[in-house]
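Quick note: numbers below take in every heavy atom, side chains included, and nothing from hydrogens, waters or symmetry partners. In the text below, chain A, chain B and the rest are named by the order of the sequence lines, each starting its count at 1.
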Number of protein chains: 2
Amino acid sequence: MTQVVEPELDRFERSRVDKFESRRGELADATLETLGELGFARTSLRVIAQRTAFSHGVLHYYFRDKVELITFCVRRYKEHCVTRYDEVVAQATDADELALMFADALVVTMQEDTAMHRLWYDMRAQAMFEPALRPTVADLDRQLEEMIWRVVKAYAVLGGRTTAVPSLTAYAVYDGLFENCLSRYLAGDEAASDQLREGAGWLITTVTKA
Amino acid sequence: MTQVVEPELDRFERSRVDKFESRRGELADATLETLGELGFARTSLRVIAQRTAFSHGVLHYYFRDKVELITFCVRRYKEHCVTRYDEVVAQATDADELALMFADALVVTMQEDTAMHRLWYDMRAQAMFEPALRPTVADLDRQLEEMIWRVVKAYAVLGGRTTAVPSLTAYAVYDGLFENCLSRYLAGDEAASDQLREGAGWLITTVTKA
DNA sequence: CCCCGTCCTTGACACCTGTCAAGAGTTTGT
DNA sequence: ACAAACTCTTGACAGGTGTCAAGGACGGGG
């Protein structure tokens with residue numbers, strides 16, 4: 001009996017859950033888009049809903065409250081960007097090539113995913129005031145640190161070098177460079193991209209040593 | 001006639017203006033305190049006034065609107081911190097001493113002026129979304145860059161070295177390190193101070209070269 | 001003494017926020 | 001075809017926001 005009925009229910013249940021999750025994702029994407037454009041403080045549920053085919057009430061059908069919606073969005077965003085440079089690491093055959101490809105990848109993502117990066121820096125700043133955001137931010141920060149560290153280690157291995165600083169420090173300086181350039185890029189500074197490229201190239205030689 | 005009356009009026013006018021400016025400063029200090037504690041998004045005029053001896057209406061007597069209040073506060077804050085390390089530069093007699101004193105000064109200000117630094121990072125993130133804030137933030141950013149650059153140049157001169165990167169890059173990496181450590185310090189990470197000290201010591205040797 | 005300018009309070013305004021209950025509309029199972 | 005479950009809309013709520021006009025309190029000059 002259970003062998004016959006349960007799979008039926010499972011399939012059924014799964015499709016229902018899938019649909020639910022799919023709509024959650026749809027709403028989360030609209031939320032991310034709005035957050036990236038307006039920033040944390042200026043984004044309201046009504047404005048988010050305005051960018052979907054639905055009305056503002058639907059957000060409370062799919063998410064308990066604003067906090068759950070936003071944490072869901074951040075986790076979704078995380079998956080998009082936390083392995084961004086892994087294929088660069090995989091493809092590069094020597095240290096110099098890796099350095100160039102990595103610097104280029106940084107520039108490209110700064111130019112293409114500008115709004116999402118800006119949102120990330122906004123969220124991290126908000127986390128300094130709102131302890132509720134800290135676990136999520138700290139988790140994402142750690143993953144970004146590991147991502148940078150994979151690049152640095154790969155560069156060291158390919159170039160026969162060793163790392164010169166802890167991964168935390170390496171991440172911090174790369175992040176500072178990126179944030180600085182992003183800020184200038186947003187303000188219309190044409191030189192920001194080149195500064196990022198050159199800064200990244202210089203950094204990878206200094207966080208490692210012969 | 002004019003020689004007699006005008007100075008009287010001037011003195012009179014000056015004392016009136018002085019009182020006005022003094023109260024503006026008083027209100028701005030309360031505003032800064034509140035901003036540092038609550039952050040940009042969560043600070044309202046009523047909460048600010050609650051921290052003074054006055055009611056919320058007084059803010060519109062001394063400031064045209066919220067934007068003028070906040071820009072006034074930021075310029076006031078700027079003066080406090082933009083020459084913070086100049087005496088370190090003046091006192092140090094050799095490169096190693098300068099490096100140690102600078103690193104210590106960074107740690108001390110992170111620990112003592114935590115709220116103000118947090119506010120600064122908040123404001124800079126908000127400026128990415130609000131073009132109205134960008135001129136003020138860009139101006140302060142440039143002054144901070146110059147402040148760091150004075151330290152780096154002094155280190156280079158004392159140690160018989162030359163600078164290895166543009167001042168923009170030097171500032172960006174120092175800033176990234178500081179922001180990262182501040183964030184961890186706020187979250188209660190005991191190691192943040194040491195990480196900042198060591199990171200700063202390492203950085204000053206890498207943004208210069210023999 | 002009274003008046004007038006300065007300083008500050010009070011109370012209101014229009015608007016926006018997150019939240020949620022009540023109920024439509026739609027799909028699904030029987 | 002009927003009923004039940006799911007999906008979504010509507011409208012309201014309590015509270016918060018920046019802003020400003022009206023007016024009270026105070027103090028020095030006529």
- Message: Let's see if you can work this out: which of C:dG18, D:dT17, C:dA12 has an atom nearest to the side-chain heavy atoms of B:His56?
- Response: C:dA12
- Quickly work out the A:Glu68 CD to C:dT19 C1' distance and round it to whole Å. 14 Å
- Query: Rounded to the Å, how far apart are B:Arg42 CZ and D:dG15 C1'?
  - Reply: 18 Å
- Query: What is the distance, rounded to the nearest whole Å, between atom CG of A:Asp65 and atom P of C:dC20?
  - Reply: 8 Å
- Task: Give a yes/no verdict on a cation-pi contact between A:Arg24 and A:Phe72, requiring under 6.0 Å between NZ or CZ and the six-membered ring centre and an angle within 45° of the axis.
- Result: yes
- Does the pair B:Arg51/B:Glu37 count as a salt bridge with the N-to-O cut at 4.0 Å? yes
- Among C:dT9, C:dA12, D:dT9, which is the nearest nucleotide to the side chain of A:Phe54? D:dT9
- Message: In whole Å, I'd like the distance from the CD atom of A:Gln50 to the C1' atom of D:dT9.
- Response: 15 Å
- Message: Please confirm whether the shortest side-chain N or O distance from A:Ser44 to OP1 or OP2 of C:dC16 is below 4.0 Å.
- Response: no
- Message: In this structure, how many angstroms lie between the C1' atom of D:dC20 and the NZ atom of B:Lys66, rounded?
- Response: 17 Å
- Item | Comparing A:Arg64 and A:Val47 on DNA chain C - which has the more 5′ nearest nucleotide | A:Val47
- Task: Select base, sugar-phosphate, or nothing to describe what B:Ala53 touches, counting heavy atoms under 4.0 Å on all strands.
- Result: sugar-phosphate
- Task: Classify the nucleic acid contact of A:Tyr62 as base, sugar-phosphate or nothing, counting any heavy atom under 4.0 Å across all strands shown.
- Result: sugar-phosphate
- Query: Among D:dT7, D:dT19, C:dT19, which is the nearest nucleotide to the side chain of A:Leu45?
  - Reply: C:dT19
- Query: How would you label the contact of A:Ser55 with the nucleic acid (heavy atoms, under 4.0 Å): base, sugar-phosphate, or nothing?
  - Reply: base
- Task: Find the distance A:His60:NE2 to D:dA12:P and express it as a whole number of Å.
- Result: 18 Å
- Query: Going by atom types only, do A:Asp189 and A:Gln195 share a side-chain donor-acceptor pair under 3.5 Å?
  - Reply: no
- Which nucleotide in C:dC7, D:dG18, D:dC6 has an atom nearest any side-chain atom of A:Tyr61: D:dC6
- Message: Could you tell me if B:Gln126 and A:Arg42 have a donor-acceptor pair between their side chains, going purely by distance under 3.5 Å?
- Response: yes
- Can a donor-acceptor pair be found between the side chains of B:Thr109 and B:Arg84 at a distance below 3.5 Å? yes
- Query: Which nucleotide in the list C:dT19, D:dT7, C:dC7 gets nearest to the side chain of A:Phe20?
  - Reply: D:dT7
- Task: Give the rounded distance in Å between these two atoms: CD of A:Glu21 and P of D:dT7.
- Result: 11 Å
- Query: Please give, in whole Å, the distance from D:dT9 P to A:Arg46 CZ?
  - Reply: 14 Å
